[in-house]
Amino acid sequence: SVQWKIIDLQVPQNNWVFKKDADGLNNYYSCHFTMPEITSFVFNSGTILTYIVLDNKQQTLPYVRHFENTAGNLWTRTVDCEFGVGEMNIFVTNSDFFVENPGTMNFRVVLMY
């Protein structure tokens, strides 16, 4: 029979880490989680689904939304993730690379194995 586990995560505004490449370009924000629930078995034989939780609704990652502000600036925000045995990283990238902390964000991770 299939087992499952749900893990709710919150990234407070101050936990986002600002990163950029060696040339000082291509900036993004990330947050690292230690996830002992992602065992070798889950990683190799299970399924891991990650959702962003916005306004009491869930959307699977990657989350991609297009925005325009009153000044006519256009950008796309992408939220995605990667995971390995015992760990997970969540990333937030704005297409215009404008440096703006993403603020507090909530996620739900579903493990099925």
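Because the structure is predicted, anything quoted here is derived from the model rather than measured.
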Original post:
What do the steps show when you test Leu9 against Val109 for side-chain contact (heavy atoms from CB on, under 4.5 Å), and what is the final call?
Top reply: CA-CA 8 Å; Leu9 302 173; Val109 179; 3.7 Å; yes
Subject >> Val99 vs Phe18, side-chain contact (heavy atoms from CB on, under 4.5 Å): CA-CA, chis, key distance, verdict >> reply: CA-CA 9 Å; Val99 178; Phe18 177 74; 3.9 Å; yes
Original post:
Would Val11 and Cys31 satisfy side-chain contact (heavy atoms from CB on, under 4.5 Å), going step by step from the backbone distance to the final call?
Top reply: CA-CA 7 Å; Val11 181; Cys31 186; 3.9 Å; yes
**OP:** Please assess Asp96 against Asn73 for the test side-chain contact (heavy atoms from CB on, under 4.5 Å), listing each intermediate value before the final yes or no.
**Re:** CA-CA 9 Å; Asp96 61 357; Asn73 298 314; 5.6 Å; no
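Counting only heavy atoms from C-beta outward, the side chains of Lys5 and Val110 never approach each other to under 4.5 Å. Between Asn101 and Tyr29, some side-chain heavy-atom pair lies under the 4.5 Å cut-off. Side-chain contact between Phe98 and Trp75 is absent, with no heavy atoms from C-beta onward closer than 4.5 Å. In this structure, the side chains of Leu61 and Gln59 stay at 4.5 Å or more apart for every pair of heavy atoms. Considering only heavy atoms from C-beta on, Phe83 stays 4.5 Å or farther from Met35 through its side chain. Side-chain contact check for Met105 versus Val92: some heavy-atom pair is nearer than 4.5 Å. Side chains of Ile90 and Glu82 form no contact here, defined as non-hydrogen atoms less than 4.5 Å apart. Side-chain contact between Pro102 and Gln13 is absent, with no heavy-atom pair separated by less than 4.5 Å.
Atom CZ of Phe97 and atom CG of Asn27 lie 6.5 Å apart (nearest 0.5 Å). Once rounded to the nearest 0.5 Å, the distance linking OG1 of Thr78 with CZ of Arg65 reads 11.0 Å. From Tyr28, atom OH reaches atom CG of Asn94 across 14.0 Å, with rounding to the nearest 0.5 Å. From Gln58, atom CD reaches atom CZ of Phe107 across 12.0 Å, with rounding to the nearest 0.5 Å. Distance check: Glu37 CD to Ile48 CD1 gives 10.0 Å after rounding to the nearest 0.5 Å. For the atom pair CD of Gln10 and OG1 of Thr104, the computed distance is 5.5 Å after rounding to the nearest 0.5 Å.
Here the closest heavy-atom approach between residue Cys81 and residue Thr50 is recorded as SG-OG1, 3.7 Å.
When the side chains of ILVMFWY residues are joined at heavy-atom separations under 4.5 Å, either directly or via intervening members, Trp4 and Val53 end up in two distinct hydrophobic clusters. No chain of hydrophobic side-chain contacts below 4.5 Å, direct or via other Ile, Leu, Val, Met, Phe, Trp or Tyr residues, connects Met112 to Phe43. There is no path of hydrophobic side-chain contacts, each under 4.5 Å, that joins Ile6 to Leu54.
Residues passing the salt bridge (Lys or Arg N to Asp or Glu O under 4.0 Å) test with Arg108 are Asp8, sequence neighbours excluded. The ring pair (Phe, Tyr, Trp, His ring centres under 6.0 Å) check on Tyr51 picks up nothing, with sequence neighbours excluded. Scanning for ring pair (Phe, Tyr, Trp, His ring centres under 6.0 Å) contacts around Phe33 gives an empty result, with sequence neighbours left out.
Using a 30° and 60° split on the angle between ring planes, Tyr113 and Phe41 fall in the perpendicular class, above 60°.
A donor-acceptor pair under 3.5 Å links the side-chain atoms of Asn69 to the main chain of Ala71, judged by distance alone.
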